[in-house]
Every structure is written in structure tokens, then in C-alpha cells.
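All remarks here apply to the structure that follows.
Numbered from 1 within each chain, the chains take letters A, B, ... in sequence-line order. Reckoned from all heavy atoms, side chains included, excluding hydrogens, waters and symmetry mates.
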Protein chains: 2
Amino acid sequence: MTLAERKRRLVADELARAALQLLAQKGFDAVTVDEIVAAAGVSKRTFFRYFASKEDVVIQFLADMGTTMRAELAARPAAESPSTALRHTVWVSIDACAGHTRQALPVVQLILGTPALLARFLERQAQWRDDLAAELATRLNLDPRADLYPHLAAGMALTAFGTVLQRWSASNGTEDPKALTDRAFTVIAPALDAVG
Amino acid sequence: MTLAERKRRLVADELARAALQLLAQKGFDAVTVDEIVAAAGVSKRTFFRYFASKEDVVIQFLADMGTTMRAELAARPAAESPSTALRHTVWVSIDACAGHTRQALPVVQLILGTPALLARFLERQAQWRDDLAAELATRLNLDPRADLYPHLAAGMALTAFGTVLQRWSASNGTEDPKALTDRAFTVIAPALDAVG
DNA sequence: GCCTGACATGACACTTAGTGTCAAGCAGTG
DNA sequence: CACTGCTTGACACTAAGTGTCATGTCAGGC
């Protein structure tokens, strides 16, 4: 990695660190971008060169998940049932959060507790859903234009994802995410695995 | 209704009419609030007395749906299976849109095609989901804190709702919403009606 | 070692969304 | 007529986000 690239990473990390610390502490609406950039020691203009919006600093923390999930689903063996493949797919993302509870829990709680952030988060999820649906259609040789199953199955999996995240967040990380994921998929599996 | 109340309705309607016409025609980001209020003949300050944000003018068009859905679910006979009750619940809202295709279709297409509007719309749906989950829990005598079913079932129903709306919108109102709703619920019913 | 091009930054001005405040207009009431 | 409550417009203000330009800094070629 070149020096310039390392410098960019450094600035982005410092900006994200300062932002998350302030936002989690004082609440999303009570912190201005000017405060964040003052804490990070850069100009406001630079902030918006790294993040498209104030929401983005928080949301980008979970940004990779979308591509991660699709890749994970694509990597599952073809013989696996949809419910099993999707359960593992969702679990990888949940685990990425729950595995770093100390850092991730406050962020998740901030997102779920802030309407503006929740809105952006759900918008991202909608994109993930389309990605997952496309992957599912490929996997099962279905026409995503004619068949409703891919979109619905992806939607159900993400509903499970959201519900687990919400429970985990509401319990302050107390509840076991693995168990929650399994319980959620037990509920939706009959629809995922029903013969079309 | 008193004169003052009728005047308020008049202003709100004119504002919404002017806004939707401009937004649908030129796109959400290409229209400023100043343009809207100029077209409606009121001050910018008045606009924000009627709508909390620019997004709200569009979203409020679908605002009632939330309460409508919960009321509709509460009104379904207790003996009905969850999938049947939820299918009717969702259908009432879909029909409220599809029944006024001329007015509703452009609005739905605007929402689904504008990230900022989609985000707000999904945020609303999240609230509906909690409402529906609470109603489902009551209906089935479940503890919504312990059991994942109510949230998941409500989420699946709203996934179906969103998928149907998306298909209907993408087909320019061509596809039959009733048939789409039935097909969607055929897919998710096995999970909704599985014994807990 | 010097020049040069690519790139990151800060400063500044600008647009737009959204809010607080206040004085003026207008209906209904005694 | 005087009083009260509600709606409105005008104005000033904060904060998010963008365009532009001059400056600085690192890389590789001469």
C-alpha cells in the first residue's frame, strides 16, 4: 500500500473514530459536523470528501455487509437448502457485529435508536435484498422477473437479520446472537424450503 | 367541520397537489421547497407548518396505511389463520393504492425511485411492523418479548407488501395487484401458519 | 537535485432544508 | 367594540452539503 493510500485510511479512520465517539455520546442530532471535524483536526470540506453525509459515517460501518452477504451466499454449496444457506449467510454478518461487541453494540444501538439513521440503514438493506435475490435466483435457476420467491426469500432472511439485531441491541448484547439467529430461521424456514 | 378546519385542509391539499405535481414531473432533488410554495402561493414557513420535511409531503400520502393495517388486522375474525388474516390486511392497503392508479402510481414510482424517499418510506414501514407485531401477539396470545414470531410474521407480511408494490410499480400498473398479493402470500404462508 | 503532474487539503462563497420569533390579519365571543 | 385564539408572512438564523480555486506534498522522469 502506497503512502498516499495509508494517509487516506488514516484520515478516514480518525474521522470515523471522532464521529462515532461524539455521536454515541451526545446523540446524532446534538452533534454538528463542525464539532466532528474540530475533534478530528480537519476541515469540514475534507469530511464530505470522505463521507457523503453525516449519516454515512455511521452507516458505512456496516457497509461491507451487503457485499459480504452476497459473496457468502454464493460460496454456500449448491446442494444446501435455501434456509440453511441463508441462515449461514445471515449469521456471518451477525457474527461480524456480535464478534466485536464493544465497538459494534453502541453503533447498532445508535442506528436503531435514531430515525434518520434507521432510514438510511433500511435503504441499504433494500439494496442487499436485491443482491441476495439475484444470487438466489441464479442458485435456484429461477427467473427473478417472473418468480416472486427470490425477492421474498431474501426479504425474509433480512427480516430475520433485522429482528435478531434488534433483540441483540435491546438486550445490550446479553442475548446470544447465534441462538437468536437459529430461532428466527426456525420460524421462516418452512416458507424458504417449501417446494415452489 | 369549522371554517378554520376547512381552511387548513384547503391549504394542505393545495400544498400537496403543487408538490406532487412538481416532484413527479421534475424529480425529487430538482425541485426546491421555494418552488413548491411559489406554486401553491404560500410562504416557505407555512409549508413547514404543514409538513415536517420535503420528504413528508410525498410520504404522508401513504401515512394512513399504518393505522389502517393495524385496525384491519384487529378486525379479522380470531379463528382465521395468520396467513389469511395478514393477506387481507395487506390487500386492503395495496387496494387503496391500486384503486386510485392514476394518482397513486406516479407517487409510488417516485418513492421507489428516489433513495431519500425510499429510506423514509421504509422507516415508516418499520413502525407499521411493530404495530402489526403487537396486534399479532395479542391475537395469538404470545409474549412479543419472548417470542420472535410476531415480529417475523409482521416483517414477512410487509416484505410481501413491498414486493407487490415494487412489481406493480415496475409494470406501470399493468400487473394485477390482487394476483400478485395472492402469489406472494402463497410463498410466505407456510411460515406464517406453521405451528409454533 | 530539479521539474512536473497527480492528488489531498483548506478556505471561502454559495445553495438549500429547516427553525425560532414576532408582529399583523382575521374569525368567533361577550 | 374589545378580547381571545389561531394562522400567516417576514426576517434572521443554524446546519448540511457543494463548487471552485489556490496551496502544499509526494511520486517519478530528466
Side-chain angles (χ1 to χ4, degrees), chain A residues 1-20 22-23 25-60 63 110-111 114-121 123, chain B residues 1-20 22-23 25-60 63 110-111 114-121 123:
Chain A
M1 187 187 296
T2 116
L3 178 68
E5 279 169 340
R6 262 178 298 164
K7 262 171 89 176
R8 269 191 77 80
R9 278 285 289 269
L10 202 70
V11 176
D13 287 353
E14 175 60 17
L15 229 20
R17 193 202 57 74
L20 289 176
L22 281 170
L23 293 173
Q25 179 197 334
K26 303 176 59 176
F28 185 76
D29 295 320
V31 179
T32 68
V33 175
D34 290 283
E35 285 182 77
I36 296 172
V37 299
V42 300
S43 74
K44 189 174 69 169
R45 198 62 186 84
T46 295
F47 177 92
F48 287 109
R49 285 195 181 98
Y50 283 86
F51 303 99
S53 70
K54 198 174 137 189
E55 284 99 353
D56 246 48
V57 197
V58 189
I59 298 302
Q60 218 174 72
L110 180 65
I111 293 176
T114 307
L117 289 174
L118 179 61
R120 292 287 165 186
F121 178 53
E123 186 203 338
Chain B
M1 187 187 294
T2 117
L3 177 69
E5 278 169 342
R6 263 177 297 164
K7 260 170 90 176
R8 270 191 78 78
R9 279 286 290 268
L10 202 71
V11 176
D13 288 352
E14 175 59 18
L15 230 20
R17 192 202 58 75
L20 289 176
L22 281 171
L23 293 172
Q25 179 197 335
K26 302 175 60 177
F28 185 76
D29 295 319
V31 179
T32 67
V33 175
D34 289 285
E35 285 183 77
I36 296 171
V37 299
V42 300
S43 75
K44 188 175 69 166
R45 197 62 186 84
T46 294
F47 177 92
F48 287 108
R49 285 197 180 98
Y50 283 87
F51 303 100
S53 69
K54 197 174 138 189
E55 284 99 355
D56 246 48
V57 197
V58 188
I59 298 303
Q60 218 174 69
L110 181 65
I111 292 175
T114 308
L117 289 174
L118 178 61
R120 292 289 165 184
F121 179 53
E123 187 203 339

Task: DNA chain C: 5'-most and 3'-most nucleotides touching chain A, 4.0 angstrom heavy-atom criterion - done: C/dA8 to C/dA11

TODO: Measure the distance from CZ on B/F47 to C1' on D/dG9 and round it to the nearest whole Å.
DONE: 16 Å

Task: Sugar-phosphate, base or nothing in reach of B/Y50, heavy atoms under 4.0 Å - done: sugar-phosphate

- [ ] Flag the pair B/R6 / B/R9 as yes when at least one side-chain heavy-atom distance between them is below 4.5 Å, and no otherwise.
- [x] no

- [ ] Specify the separation, in whole Å, of atom CZ of B/R6 and atom P of D/dT7.
- [x] 15 Å

Open item on the list: Tell me the interatomic distance from B/K54, atom NZ, to D/dA16, atom P, rounded to whole angstroms.
Closed with: 18 Å

Open item on the list: Quick check: do A/V58 and A/F121 have side-chain heavy atoms less than 4.5 Å from each other?
Closed with: no

TODO: Measure the distance from CZ on A/F48 to C1' on D/dT20 and round it to the nearest whole Å.
DONE: 17 Å

Open item on the list: Are the side chains of A/T46 and A/R49 in contact, using a 4.5 Å heavy-atom criterion?
Closed with: yes

- [ ] Take atom CZ of A/F51 and atom C1' of D/dA15, then tell me their distance rounded to the nearest Å.
- [x] 19 Å

Task: B/L10 CG - D/dT7 C1' separation (whole Å) - done: 14 Å

- [ ] Using atom CG of A/L117 as one end and atom P of D/dA16 as the other, report the distance to the nearest whole Å.
- [x] 13 Å

Task: Spacing of B/F51 atom CZ and B/L15 atom CG [to the nearest 0.5 Å] - done: 5.0 Å

- [ ] With heavy atoms under 4.0 Å as the rule, sort A/R8 into base, sugar-phosphate or nothing.
- [x] sugar-phosphate

- [ ] Any side-chain hydrogen bond (donor to acceptor under 3.5 Å, both in side chains) involving residues 50-59 of chain B? Give me the pairs, sequence neighbours left out, ordered by first then second residue.
- [x] B/S53-B/E55

Open item on the list: Once you apply a heavy-atom cut-off of 4.0 Å, does B/T46 come out as touching a base, just sugar-phosphate, or nothing?
Closed with: sugar-phosphate

Open item on the list: Between A/V33 and A/R49, which residue's closest nucleotide on DNA chain D lies nearer the 5′ terminus?
Closed with: A/V33

Open item on the list: Just to be sure I understand the rule, does B/K44 reach a base, reach only the sugar-phosphate, or reach nothing, if contact means heavy atoms closer than 4.0 Å?
Closed with: base

- [ ] Give a yes/no answer on whether the side chain of A/T32 brings an N or O atom under 4.0 Å of OP1 or OP2 in D/dA15.
- [x] no

Task: Backbone N/O of A/T32 and side chain of A/E35: donor-acceptor pair under 3.5 Å - done: yes

- [ ] To the nearest 0.5 Å, tell me how far B/D13 CG sits from B/R8 CZ.
- [x] 11.5 Å

